[in-house]
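Just so you know, these numbers use all the heavy atoms, side chains as well, and skip hydrogens, waters and symmetry mates. Note on naming: letters A, B, ... go to the chains in the order of the sequence lines (proteins, then strands), and numbering restarts at 1 for each one.
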Amino acid sequence: MNSDNPTVVVVPVGALGAGIKFEHLEAGLAAGAHAMAMDAGSTDSGPAALATGLSKYSRDAVKSDLKLLVAAQAKWGVPLLVGSCGTSGCDMAVDWTRDIVLEICQELNLTPTLAMLYSEQEKSVIRDRLAEGRVLPLAPLGALTEDTLKSCEHVVALMGPEPYIAALEAGADIVLGGRTTDTAVIAAVPIMRGAGVGPAWHAGKIAECGGLCTITPFEGGVVIRVGADAFEIEPLSATNRCTPYSVSAHMLYENSDPYLLHEPGGVLDVSQARYEPKDDRIVRVSGSRFIEKPYTMKLEGAANGPFQSIMLVGITDPQVLAALDKFLADMHATLVGRVKAVLGDAAGEFDISLRPYGWNAVLGLPVTDGFPTREIGLLLVATAETKELALRIAKICNPYFFHFPMRRDKELPSYGFPFSPAEIELGRTYAFVLNHVVETTDGHELVRRTILPLALTTGAREHAQAE
Amino acid sequence: MPKLNDVCRYVRSKAAGPFWITVDLFFESPELFSANKDKPGLTAASIAERLHLRPETVKRIEVPDLAVIKFSYPRERAQGGVFERDMHGGQQFSPLLDIDL
């Protein structure tokens, strides 16, 4: 395929902050590359990052990776694209990442041109689209209501490749994007340079988790070479390998459908894809198709939930373990009754959840008969409308949780608390509440861009030129 | 009677976005995949029964090139709320391991 001047993209890590190896990055760039691209976010770890706007990844780890990337960008003159900055990709998470990059530029005395892409949405914008019938639900959720929208702390729209391409065409050396599909940030430069759109998207999907499509996932990133009708994928580590199996199996990962992938502006169809070994480390993939559709962007939104406090005890008493389900049901009824008796209506809407680790806390399914257990960790989760109430409820439960007997006519047992105080305040809970798409005229309409030409000024941040 | 775990080299579950879980059954070989894929224990309805799901919500996809059967189903509640027990959905596969084939 490489007769048609492929576009080469180095994907040095599956998620910014997970740990880039300098020698792999250098090897990839030394062989000639048109871009470095990767994502820095995900919904994988739950709704807290989007609801709070705070990064799940450590600032130190993100800075350590960015330092290598910013230095490599300057040394090799290859643009750097980062999608879904700061985990959630909301505006404050992009700015958090921008500030790390500015700090690095100062430390290394570099003056790249930075572009920031923002895709967080004003609720009023989405509300207007909703009124126009241009916000559609994705299964399993139903139609969006205004109340649900109002409940969101942050709403982001997942970008496609177009804003990245426009930022590079406007002269950016480094593009820090808000929430973007993992695929799009990697596919952007191949698409910009005229590579096949099907191979570009498919290569983006395969490379999105860095080394996860190789036989030794812990050995760093990959490089893709995207041509008109096919792409190649190769690990950055000389000792690592891609095989047709390791590459094609990645389409299963975290995908509900391994053949069709919905992206902004179309659907990637890999049902006809062929995966062939080029040699024992490189795989060539052909037959990927991208079917254009009316442009949509997926929305993600997270809301604040109630508050929680927890307690943990260890139980080893064989009599309790032999009749655990009944014990837990009795204890639960007693705890709920006690909270109601003490607090009355002041308890508000509350929930007490008992989760026996070592029994069925994770799955919550009935336990098969005769399954032996030596000990359990019993977690009590008190959920209430305020942080203070959640703690008060846990404290009211404490003596009963600690001493609850199998039989009323027996001496009181004492289960094993590991901590003093026993109650642990967790604070707020959060919830994902959006799973919808918004129709747009193109990939730019709901995206805002800022360009910082660091070379022009020392007080660059003050001279940010919003476009 | 063989169990699912006897004919698969790897069975996994994982979140596929905040609203779905996906389960992959990697058979030991293409032969074991072909020999077992149509067994009554591996229908969407059987999987639903094992995992206490509504059968009509379970999607079943065969991937013969990888000797894989994939099942995808919506979570009862969105990932990460008040009642979450398995944030990444990575532990939901275990009730399937002893399915009789």
Legend entry - Pick from A/Pro306, A/Ala249, A/Ala48 with the largest number of heavy-atom pairs that fall under 4.5 Å of chain B: A/Ala249

Inset, instruction - Count the heavy atoms of every other residue, nucleotide or ligand shown that sit under 6.0 Å from CD of B/Glu84, and state whether that count exceeds 12. - result: yes

Legend entry - Non-hydrogen side-chain atoms of A/Ser248 and B/Asp65 separated by less than 4.5 Å: no

Legend entry - More than 12 heavy atoms of other groups within 6.0 Å of A/Lys387 NZ: no

Legend entry - Pairwise distance CG(B/Asp24) to CD(A/Glu254) - rounded to 0.5 angstrom: 10.5 Å

Inset, instruction - List the atom of B/Ser72, the atom of A/Ser256, and the distance in Å for their closest heavy-atom pair. - result: OG-O, 2.8 Å

Inset, instruction - Go through the atoms of B/Arg50 and report whether side chain, backbone, both or neither lie under 4.5 Å from a heavy atom of chain A. - result: backbone

Inset, instruction - Would you mind reporting whether A/Asn255 and B/Thr22 have side-chain heavy atoms less than 4.5 Å apart? - result: no

Legend entry - chain B contact via A/Tyr253 - which portion, at a heavy-atom distance below 4.5 Å: both

Inset, instruction - Answer yes or no: is there a side-chain heavy-atom contact under 4.5 Å between A/Val381 and B/Phe83? - result: no

Legend entry - Largest heavy-atom contact set with chain A, pairs under 4.5 Å, which of B/Gln79, B/Arg77, B/Lys14: B/Gln79

Legend entry - Part of A/Ala302 within contact of chain B (heavy atom distance under 4.5 Å): neither

Legend entry - Any B/Trp20 side-chain heavy atom under 4.5 Å of A/Pro140 side chain: yes

Inset, instruction - Name the region of A/Asp351, side chain, backbone, both or neither, that has any atom closer than 4.5 Å to a heavy atom of chain B. - result: side chain

Legend entry - Shortest non-hydrogen contact from B/Phe19 toward A/Leu434: CE1-O, 3.3 Å

Inset, instruction - Pick whichever of B/Val63, B/Ile21, B/Leu51 has the most heavy-atom pairs under 4.5 Å with chain A. - result: B/Val63

Inset, instruction - Pull out the residues in residues 28-43 of chain B that come under 4.5 Å of chain A, heavy atom to heavy atom, sorted by number. - result: none

Legend entry - Which portion of A/Ser45 sits near chain B, non-hydrogen atoms under 4.5 angstrom: both

Inset, instruction - Could you look at A/Thr43 and say if it's the side chain, the backbone, both or neither that has a heavy atom under 4.5 Å from chain B? - result: both

Legend entry - Under 4.5 Å from any heavy atom of chain A - which part of B/Glu62: backbone

Inset, instruction - Heavy atoms only, distances under 4.5 angstrom: which of B/Gly80, B/Pro74, B/Ser13 has the most pairs with chain A? Name it, please. - result: B/Gly80

Inset, instruction - Side chain from CB out, backbone as N, CA, C, O: work out which of these in A/Leu141 comes under 4.5 Å of a heavy atom of chain B, or both, or neither. - result: side chain

Legend entry - Residues in residues 91-101 of chain B that sit under 4.5 Å from chain A, counting heavy atoms only: B/Gln91, B/Gln92, B/Ser94, B/Pro95

Legend entry - Engaged part of A/Leu50 at the chain B interface, taking heavy atoms whose separation is under 4.5 Å: neither

Inset, instruction - Select one option (side chain, backbone, both, neither) describing which atoms of B/Val23 are under 4.5 Å from chain A's heavy atoms. - result: neither

Legend entry - Segment of B/Leu66 engaging chain A (4.5 angstrom heavy-atom cut-off): both

Inset, instruction - Under 4.5 Å heavy-atom distance to chain B, tell me which part of A/Leu252 shows up: side chain, backbone, both or neither. - result: both

Inset, instruction - Decide if atom CD of B/Glu56 counts as having more than 12 heavy atoms of other residues, nucleotides or ligands within a radius under 6.0 Å. - result: yes

Inset, instruction - Evaluate whether atom CD of A/Glu385 has more than 12 neighbouring non-hydrogen atoms of other residues, nucleotides or ligands under 6.0 angstrom away. - result: yes

Legend entry - Close side-chain approach of A/Asn435 to B/Pro18, heavy-atom, < 4.5 Å: no

Inset, instruction - Please flag which part of A/Tyr430 lies under 4.5 Å from any non-hydrogen atom of chain B: side chain, backbone, both or neither. - result: backbone

Legend entry - Residue pair A/Ser353 / B/Arg85, side-chain heavy-atom distance below 4.5 Å: yes

Inset, instruction - Flag the pair B/His52 / A/Pro366 as yes when at least one side-chain heavy-atom distance between them is below 4.5 Å, and no otherwise. - result: yes

Legend entry - Portion of B/Ala78 that has a non-hydrogen atom of chain A nearer than 4.5 angstrom: side chain

